[in-house]
**Q** 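Below is the structure I would like to discuss, written out as structure tokens.
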Amino acid sequence: MHSNHLLLEEPIRMASILEPSKSSFFPAMTKIVGTLGPKSRSVEVISGCLKAGMSVARFDFSWGNPEYHQGTLENLKAAVKTTKKLCAVMLDTVGPELQVVNKSGNSISLLADGFVILTPDQEQEASSKVLPINFDGLSKAVKHGDTIFVGQYLFTGSETTSVWLEVSEVKGNDVVCVIKNSATLAGSLFTLHASQIRIELPTLSDKDKEVISTWGVQNKIDFLSLSYTRHAEDVRNAREYLSKLGDLYQTQIFAKIENIEGLTHFDEILQEADGIILSRGNLGIDLPPEKVFLFQKAALYKCNMAGKPAVVTRVVDSMTDNLRPTRAEATDVANAVLDGSDAILLGAETLRGLYPIETISTVGKICAEAEKVFNQDLYFKKTVKYVGEPMTHLESIASSAVRAAIKVKSSVIICFTSSGRAARLIAKYRPTMPVLSVVIPRLKTNQLKWSFSGAFEARQSLIVRGLFPMLADPRHPVSTFFH
């Protein structure tokens with residue numbers, strides 16, 4: 001281990017905790033995914049986010065039109081050029097998300113112990129008595145006593161901006177609910193979440209397919225975040241769809257686990273997906289609160305052993321409106337790193353938050369501190385034991401390289417790769433030093449012209465913990481990642 005690395009199991013001098021953190025040439029090993037939106041779409045703010053440590057930009061298509069997101073992406077490209085910081089692009093699908101439609105946009109006040117009707121009749125005006133929804137099968141899916149949550153920023157956990165409903169009775173296509181807490185719903189669209197209930201809608205909707213085949217193809221997206229993944233079949237279907245869309249056959253699919261159905265089929269989903277996003281906001285509603293940490297630890301362990309990136313969401317909600325995280329949130333970020341997370345995903349904090357740059361910077365600093373006490377030795381032994389013998393040649397080389405680098409106290413591991421697989425395998429063993437992944441471009445042809453590939457592989461390293469990519473071809477613009 002590095003001499004400046006302490007383990008949590010060792011006695012830590014209290015005085016050392018007060019020593020200022022030392023800045024490093026490399027940012028934190030844990031990556032940060034930032035969601036770009038109203039408060040983070042100017043070239044200036046995006047440049048600040050990149051300098052602060054954002055390495056993947058997420059575009060959430062559950063709101064905004066493709067033209068709006070294209071404008072944001074053009075600003076991202078300009079920011080990448082000026083900052084010389086590489087950034088990958090993630091498209092987040094809407095999936096089978098149920099929504100309450102409030103055409104007027106007026107605030108709706110709901111009082112505890114009153115009644116409200118959820119109706120599929122979208123011609124009706126949203127009010128404190130009736131909430132029109134975009135799904136006509138809700139009445140068939142729910143029964144008396146079921147729980148439904150509604151809110152614009154539903155999963156921030158704020159009791160004043162989201163409402164908890166209990167199904168009282170079903171009348172034809174309408175669902176009559178008892179209001180369990182007083183709340184004010186503001187905005188034109190609210191998410192509706194029926195807890196532990198299967199919604200018969202396709203995981204990849206027609207709207208999602210349209211966005212992927214136009215905006216996604218045009219911008220050669222690096223990652224597809226597949227919302228509400230419930231079965232391995234969902235991933236297979238999405239991959240089959242991407243394979244027909246030109247360059248998108250290279251796009252990696254990250255399965256978003258957001259409900260009990262996805263949790264139940266986690267192992268088979270992990271096998272099919274390129275990575276996993278643990279959507280703790282939605283899961284925190286589907287699961288009892290005391291079970292969320294268990295899922296996080298179990299899921300991250302499985303991802304680590306499979307050598308697939310794991311992304312954790314909902315860590316610093318309070319920074320949407322505040323310059324500092326709560327003590328619990330700061331601890332939560334550190335624990336996500338110690339549990340084995342590859343990346344932290346910021347949603348509302350950067351999308352509509354007041355301090356997007358400061359949030360990314362703060363999360364990065366917490367990750368860097370947690371990495372210093374990450375027990376690499378124990379993790380390494382666990383991983384080698386899990387892989388078992390005989391190892392594949394590549395696995396053997398990767399694990400041996402990490403062991404040797406730690407023994408000689410190397411500052412960096414440099415790996416030459418064409419597909420990125422070797423570099424990801426090295427990163428799987430969580431070395432204490434950064435892995436510089438030098439991607440060798442491959443010559444390819446479509447029978448009309450020859451071109452170099454490698455940009456996808458380089459950018460897709462940007463979500464893997466400890467991996468810092470660059471292209472070996474100096475003529476390529478993505479090689480401007482380093483100063």
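Numbering starts at 1 and runs along the sequence shown.
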**Q** Who pairs with Ser205 by side-chain contact (heavy atoms from CB on, under 4.5 Å), at least two apart in sequence or on another chain?
**A** Lys207, Asp208
**Q** Is there a side-chain contact between Glu457 and Thr417 in this structure, where contact means two heavy atoms from C-beta onward sitting under 4.5 Å apart?
**A**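 They are not in contact (no side-chain heavy atoms under 4.5 Å apart), so the answer is no.
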**Q** Report yes if some heavy atom in the side chain of Thr362 is under 4.5 Å from a heavy atom in the side chain of Val316; otherwise report no.
**A** no
**Q** May I ask you to decide whether Arg430 forms a salt bridge with Asp342, counting only side-chain N to carboxylate O separations under 4.0 Å?
**A**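 Between Asp342 and Arg430 there is a salt bridge, with a charged N closer than 4.0 Å to a carboxylate O.
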**Q** To the closest 0.5 Å, what do you measure between CG (Leu394) and CZ (Arg421)?
**A**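 So the CG of Leu394 and the CZ of Arg421 are separated by 5.0 Å.
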**Q** Tell me if the CZ atom of Phe416 is crowded by more than 12 foreign heavy atoms within 6.0 Å.
**A**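 No, the 6.0 Å shell around CZ holds no more than 12 heavy atoms from other groups.
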**Q** Got a sec, which residues hit salt bridge (Lys or Arg N to Asp or Glu O under 4.0 Å) with Glu369, two or more places apart in sequence or on another chain?
**A**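 Once residues adjacent in sequence are excluded, the partners of Glu369 under the salt bridge (Lys or Arg N to Asp or Glu O under 4.0 Å) criterion are Lys372.
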**Q** Which word best sums up how the rings of Phe59 and Trp215 line up, parallel for under 30°, tilted for 30 to 60°, or perpendicular for over 60°?
**A** tilted
**Q** Counting N and O atoms only, with roles assigned by atom type, does the side chain of Gln460 sit under 3.5 Å from a partner on the main chain of Gln250, one being a donor and the other an acceptor?
**A**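 Present.
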**Q** Residues in side-chain contact (heavy atoms from CB on, under 4.5 Å) with Ser361, at least two apart?
**A** Ala52, Lys365
**Q** So do Leu346 and Val315 actually touch side chain to side chain, heavy atoms under 4.5 Å?
**A**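 Yes. Closest side-chain heavy atoms under 4.5 Å.
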**Q** Are the side chain of Arg403 and the backbone N or O of Phe380 linked by a donor-acceptor pair below 3.5 Å?
**A** no
**Q** Taking the side chain as every heavy atom from C-beta outward, state whether Leu242 and Ile212 have any pair of such atoms under 4.5 Å apart.
**A** yes
**Q** What distance separates Ser411 OG from Leu436 CG, expressed to the nearest 0.5 Å?
**A** 12.0 Å
**Q** Within this structure, what is the CG-CG distance for the pair Asp247 and Asn219, rounded to the nearest 0.5 Å?
**A** 12.0 Å
**Q** Not counting sequence neighbours, which residues clear salt bridge (Lys or Arg N to Asp or Glu O under 4.0 Å) with Glu74? List them please.
**A** Lys77
**Q** Leu467: which residues meet the side-chain contact (heavy atoms from CB on, under 4.5 Å) condition with it, sequence neighbours left out?
**A**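 So Leu467 forms a side-chain contact (heavy atoms from CB on, under 4.5 Å) with Lys31, Ala423, Arg424, Ala427, Val435, Ser437, Ser461, Val464.
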**Q** Using the test ring-ring contact (aromatic ring centres under 6.0 Å, His included), find all partners of Tyr301 that sit at least two apart in sequence or belong to another chain.
**A** none
**Q** Lys297: what forms a salt bridge (Lys or Arg N to Asp or Glu O under 4.0 Å) with it, not counting sequence neighbours?
**A** Asp339
**Q** Please set out all donor-acceptor pairs under 3.5 angstrom arising from side-chain atoms of residues 329-336, sequence neighbours excluded.
**A**
{"residue": "Glu329", "atom": "OE1", "partner": "Ser318", "partner atom": "OG", "Å": "2.5"}
{"residue": "Glu329", "atom": "OE1", "partner": "Thr326", "partner atom": "N", "Å": "3.0"}
{"residue": "Glu329", "atom": "OE1", "partner": "Thr326", "partner atom": "OG1", "Å": "3.4"}
{"residue": "Glu329", "atom": "OE2", "partner": "Asp317", "partner atom": "N", "Å": "3.1"}
{"residue": "Glu329", "atom": "OE2", "partner": "Ser318", "partner atom": "N", "Å": "2.9"}
{"residue": "Glu329", "atom": "OE2", "partner": "Ser318", "partner atom": "OG", "Å": "3.3"}
{"residue": "Thr331", "atom": "OG1", "partner": "Arg327", "partner atom": "O", "Å": "2.9"}
{"residue": "Asp332", "atom": "OD1", "partner": "Arg280", "partner atom": "NH1", "Å": "3.2"}
{"residue": "Asp332", "atom": "OD2", "partner": "Arg280", "partner atom": "NH1", "Å": "3.3"}
{"residue": "Asp332", "atom": "OD2", "partner": "Arg280", "partner atom": "NH2", "Å": "2.5"}
{"residue": "Asn335", "atom": "ND2", "partner": "Thr331", "partner atom": "O", "Å": "3.4"}

**Q** Return yes if a side-chain donor-acceptor contact under 3.5 Å exists between Ser62 and Asp92, otherwise no.
**A**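 There is no such pair between these side chains.
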**Q** Please check this pair: side chain of Lys308 against backbone of Leu270, looking for a donor-acceptor N/O pair closer than 3.5 Å.
**A** yes
**Q** Taking only residues two or more places apart in sequence or in another chain, which ones pass side-chain contact (heavy atoms from CB on, under 4.5 Å) with Ser400?
**A**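 Only Ser396 meet the side-chain contact (heavy atoms from CB on, under 4.5 Å) criterion with Ser400.
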**Q** Do Lys256 and Asp234 meet the salt-bridge criterion of a basic N to acidic O distance under 4.0 Å?
**A**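 Between Lys256 and Asp234 there is no salt bridge, as every charged N stays at least 4.0 Å from the carboxylate O atoms.
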**Q** Ignoring hydrogens and geometry, is there a side-chain-to-backbone donor-acceptor pair from Ser40 to Thr350 under 3.5 Å?
**A** yes
**Q** For the pair Thr93 (side chain) and Ser227 (backbone), establish whether a donor and an acceptor sit closer than 3.5 Å, ignoring hydrogens and angles.
**A**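 Yes, because the side chain of Thr93 sits within donor-acceptor range (under 3.5 Å) of the backbone of Ser227.
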**Q** Between Glu97 and Asn134, do the side chains contain a donor N or O and an acceptor N or O under 3.5 Å apart?
**A** no
**Q** Is it true that atom CD of Gln218 has more than 12 heavy atoms of other residues, nucleotides or ligands lying nearer than 6.0 Å?
**A**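 Correct, the count exceeds 12.
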**Q** Would you indicate whether Asn65, at its atom CG, is surrounded by more than 12 heavy atoms from other residues, nucleotides or ligands within a distance under 6.0 Å?
**A**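 Buried by this count: over 12 neighbours within 6.0 Å.
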**Q** State which residues pass side chain to side chain donor-acceptor pair (under 3.5 Å) with Asn304; sequence neighbours excluded, sorted by chain then number.
**A** none
**Q** So, for Cys87 and Leu50, which heavy atoms are closest and what is the spacing to 0.1 Å?
**A** CB-CD2, 3.7 Å
**Q** Test of understanding: with salt bridge (Lys or Arg N to Asp or Glu O under 4.0 Å), list the residues that count as partners of Glu240, not counting sequence neighbours.
**A**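 Salt bridge (Lys or Arg N to Asp or Glu O under 4.0 Å) list for Glu240, sorted by chain: Lys244.
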**Q** Short question: side chain of Glu371, backbone of Ala28 - any donor-acceptor pair under 3.5 Å?
**A** no
**Q** Regarding Asp274 and Gln252, is there a side-chain donor-to-acceptor distance under 3.5 Å anywhere?
**A** no
**Q** Show, in sequence, the C-alpha distance, side-chain angles and deciding distance for Phe135 and Leu192, and conclude whether the side-chain contact (heavy atoms from CB on, under 4.5 Å) test is met.
**A** CA-CA 10 Å; Phe135 178 55; Leu192 181 147; over 6 Å; no
**Q** How close do Asp60 and His69 get, counting heavy atoms only, and between which atoms?
**A** O-NE2, 3.3 Å
**Q** Okay, side chain of Glu349, backbone of Gly347: is any donor-acceptor separation there less than 3.5 Å?
**A**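 Pair found, side chain donor or acceptor close to backbone of Gly347.
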**Q** Testing the basics here: between Val311 and Ile344, what is the closest heavy-atom pair and its distance to 0.1 Å?
**A** CG1-C, 4.4 Å
**Q** Could you tell me whether the side chain of Ser55 and the main chain of Leu462 form a donor-acceptor pair under 3.5 Å?
**A**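 Yes; at least one donor-acceptor contact below 3.5 Å.
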**Q** Do any N or O atoms from the side chain of Glu395 and from the backbone of Leu425 form a donor-acceptor pair under 3.5 angstrom?
**A** no
**Q** When rounded to the nearest 0.5 angstrom, what is the spacing between CG in Leu36 and CD1 in Ile46?
**A** 5.0 Å
**Q** Would His193 and Asn259 satisfy side chain to side chain donor-acceptor pair (under 3.5 Å), going step by step from the backbone distance to the final call?
**A** CA-CA 10 Å; His193 183 86; Asn259 56 24; over 6 Å; no
**Q** Let me confirm one number: the CZ-OG1 distance from Phe254 to Thr229, rounded to the nearest 0.5 Å.
**A**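 Between atom CZ of Phe254 and atom OG1 of Thr229 there are 12.0 Å.
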**Q** Could you tell me which non-hydrogen atom of Pro469 sits nearest to which non-hydrogen atom of Leu86, and how far apart they are?
**A** CG-CD2, 4.3 Å
**Q** Please name all residues satisfying side chain to side chain donor-acceptor pair (under 3.5 Å) with Glu272, sequence neighbours left out, ordered by chain then number.
**A**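 If we apply the side chain to side chain donor-acceptor pair (under 3.5 Å) test to Glu272, skipping adjacent residues, the hits are Arg236.
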**Q** Of all heavy-atom pairs between Pro434 and Val412, which one has the smallest distance, and what is that distance?
**A**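 Scanning both residues, the minimum pair turns out to be O-CG2, 3.3 Å.
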**Q** Can you confirm whether Leu185 sits close enough to Val150 that some side-chain heavy atom of one is under 4.5 Å from a side-chain heavy atom of the other?
**A** yes
**Q** Would you compute the distance between atom CZ of Arg459 and atom CD1 of Ile221 and round it to the nearest 0.5 angstrom?
**A**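 Here the rounded value is 11.0 Å.
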